[in-house]
K.L.:
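The following block contains the structure, expressed as structure tokens.
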Amino acid sequence: QKEVEQDPGPLSVPEGAIVSLNCTYSNSAFQYFMWYRQYSRKGPELLMYTYSSGNKEDGRFTAQVDKSSKYISLFIRDSQPSDSATYLCAMSLIYGNKLVFGAGTILRVKS
Amino acid sequence: KAGVTQTPRYLIKTRGQQVTLSCSPISGHRSVSWYQQTPGQGLQFLFEYFSETQRNKGNFPGRFSGRQFSNSRSEMNVSTLELGDSALYLCASSLGPKTEGEQYFGPGTRLTVT
């Protein structure tokens, strides 16, 4: 079993839909939680960064961390075709620099 | 502010050869990490350098090595290339300890081993 589980999709939604992306993990020591977006042939781009449990909102994006359930989510409101990309969750130990990634979810937003 | 740069962007090598990849971090960033991305295994951590010292290492064979220079630029080397080493190699930089959660990635070097 992988340390971080993420459904690879693809997830196909119509423009304007609310998108929910999720990851589960097994290591309760993880403290830092991140979401990256990766376009084809590009490096991952940091979208959201959360320390420990709670919610964080940035524009159309909301990240949620539930450490008791070992479950993190990314919500995208009013999705746009430009949001079509692979979304990677990542996490690390406190004061650690080694990121552990999920497999990535391919998102397609249709206009 | 310039982002993380990696050179070369594309590389084709033959099995058994060795290769060196280069990474220049964001100005002011002193920590550099390397990752391998493949369709089957996803993104996997290779190693991390800070102040010219390797601080963390992933589960890769000794054929994979790296170093960091005094200006924080980093190189990684893969010796005796195997077909399975074909991947996108990504470099990420961050400010350093205690701010390590935020890593910024470069565009990657796509290595093809034939």
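Quick note on labels: first sequence line is chain A, next is B, and so on, each numbered from 1.
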K.L.:
Heavy-atom distances under 4.5 Å only: say whether Gln44(B) touches chain A with side chain, backbone, both or neither.
P.N.:
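Neither; nothing under 4.5 Å.
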
K.L.:
Specify whether Phe105(B) and Tyr36(A) have parallel, tilted or perpendicular ring planes, treating 30° as the upper limit for parallel and 60° as the lower limit for perpendicular.
P.N.:
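The arrangement is perpendicular - the two ring planes meet at more than 60°.
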
K.L.:
Taking side chain as everything from C-beta outward and backbone as N, CA, C, O, which of these in Gln38(A) sits under 4.5 Å from a heavy atom of chain B? Side chain, backbone, both or neither.
P.N.:
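Side chain only.
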
K.L.:
Heavy-atom cut-off 4.5 Å, strictly under: side chain, backbone, both or neither for Leu46(B) against chain A?
P.N.:
neither

K.L.:
Quick test of your reading of the model: are Asp83(A) and Arg60(A) salt-bridged, counting only N-O distances below 4.0 Å?
P.N.:
yes

K.L.:
Among Gly43(A), Pro8(A), Pro44(A), who wins on heavy-atom pairs under 4.5 Å with chain B?
P.N.:
Pro44(A)

K.L.:
Using non-hydrogen atoms and a 4.5 Å limit, figure out which bit of Leu90(B) sits close to chain A: side chain, backbone, both or neither.
P.N.:
side chain

K.L.:
Do Arg77(A) and Glu57(A) meet the salt-bridge criterion of a basic N to acidic O distance under 4.0 Å?
P.N.:
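A salt bridge links Glu57(A) with Arg77(A).
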
K.L.:
Mind running side-chain hydrogen bond (donor to acceptor under 3.5 Å, both in side chains) on Ser70(B) and Glu52(B) for me, showing each step along the way?
P.N.:
CA-CA 6 Å; Ser70(B) 58; Glu52(B) 302 176 65; 4.8 Å; no

K.L.:
Check Leu88(A), Ile76(A), Ile72(A), Thr50(A) against Trp35(A) for a side-chain contact (heavy atoms from CB on, under 4.5 Å) and give me the one that passes.
P.N.:
Ile72(A)

